[in-house]
Amino acid sequence: LEQTSLAMSGATPVSLSPSSTQQPLIAPAGIFLLILTFLPFVYTLPYYVNMILQASTIVFLGSHLSIPGKQTNQETGEEEEKPPLEFMSRKDVMKFPIYGSCVLFGMYVLFKFYKDLANLLLG
């Protein structure tokens with residue numbers, strides 16, 4: 001895989017909001033998320049329904065905002081291409097199972113030999 005780096009020096013400020021012509025559902029999804037956040041203060045909504053709707057909306061927003069496209073420059077008001085996304089190398093990907101195994105082994109040791117400490121940390 002090819003790795004790309006982003007040069008941060010001399011960068012012009014760019015708004016992170018996508019153009020309204022490319023992604024028309026971003027603003028309504030954001031408003032929906034805001035409504036779901038404050039709705040439990042006004043109306044009794046089952047927590048599992050609220051949690052599923054909020055999680056789905058966040059995944060929707062994140063996936064649509066990560067799509068390459070155009071963005072608006074705050075200084076000039078012109079649309080320009082988004083900078084390229086960062087990539088992970090094969091070496092980085094191969095480290096994940098090792099890190100995960102170390103974390104699981106550490107949790108095993110914590111629960112096996114230090115139950116009181118584990119209960120203190122978790123509870």
Side-chain angles (χ1 to χ4, degrees):
L1 287 172
E2 178 185 359
Q3 288 187 331
T4 59
S5 63
L6 301 174
M8 296 306 288
S9 61
T12 58
V14 176
S15 91
L16 296 177
S17 60
S19 69
S20 59
T21 59
Q22 288 185 338
Q23 299 172 345
L25 294 178
I26 297 299
I31 293 170
F32 181 66
L33 185 61
L34 187 67
I35 290 170
L36 283 176
T37 302
F38 294 107
L39 186 64
F41 293 113
V42 179
Y43 177 74
T44 305
L45 185 69
Y47 67 92
Y48 51 88
V49 173
N50 193 2
M51 184 173 59
I52 289 172
L53 288 174
Q54 281 189 349
S56 301
T57 306
I58 290 170
V59 169
F60 175 82
L61 285 172
S63 62
H64 280 278
L65 288 175
S66 68
I67 296 173
K70 296 191 180 290
Q71 59 190 9
T72 306
N73 187 329
Q74 290 178 348
E75 288 181 351
T76 62
E78 297 175 357
E79 287 192 353
E80 55 187 37
E81 291 294 320
K82 286 185 181 178
L85 299 174
E86 295 182 25
F87 293 100
M88 295 179 67
S89 69
R90 184 180 192 97
K91 184 178 176 184
D92 294 334
V93 172
M94 292 177 76
K95 290 180 186 178
F96 281 123
I98 294 171
Y99 290 150
S101 298
C102 291
V103 168
L104 286 176
F105 180 71
M107 289 176 63
Y108 168 76
V109 168
L110 182 71
F111 282 107
K112 183 74 174 176
F113 300 110
Y114 303 104
K115 266 188 189 170
D116 293 334
L117 180 62
N119 287 331
L120 181 68
L121 291 174
L122 297 176

What about Phe41 and Tyr47, same hydrophobic cluster or not, with Ile/Leu/Val/Met/Phe/Trp/Tyr joined at side-chain heavy-atom distances under 4.5 Å? no
Let me confirm one number: the CD1-OG1 distance from Ile52 to Thr57, rounded to the nearest 0.5 Å. 11.5 Å
One pair to check against side chain to side chain contact (heavy atoms under 4.5 Å, CB included): Leu104 and Ser101. What are the steps and the verdict? CA-CA 5 Å; Leu104 286 176; Ser101 298; 5.8 Å; no
Would you say Met88 and Ile98 are hydrophobically clustered, going by side-chain heavy atoms of ILVMFWY under 4.5 Å? no
OH of Tyr114 to CG of Leu120, rounded to nearest 0.5 Å, is 14.5 Å
In this structure, CG of Leu53 is separated from CG of Leu33 (nearest 0.5 Å) by 10.0 Å
If you group Ile, Leu, Val, Met, Phe, Trp and Tyr by side-chain heavy-atom gaps below 4.5 Å, do Val59 and Leu25 land in one group? no
Can you measure from CZ (Phe105) to CG (Leu110) and round to the nearest 0.5 angstrom? 11.5 Å
Provide the closest heavy-atom pair for Leu61 versus Ile26 in the form atom of the first, atom of the second, distance. CD2-O, 3.7 Å
Tell me, do Pro28 and Ile31 make a side-chain contact under 4.5 Å, heavy atoms counted? no
For residues Met51 and Phe60: do they belong to one hydrophobic cluster (side chain heavy atoms under 4.5 Å, members Ile, Leu, Val, Met, Phe, Trp, Tyr)? no
Applying a strict under-4.5 Å side-chain criterion to I, L, V, M, F, W and Y, I'd like to know whether Val109 and Leu117 cluster together. yes
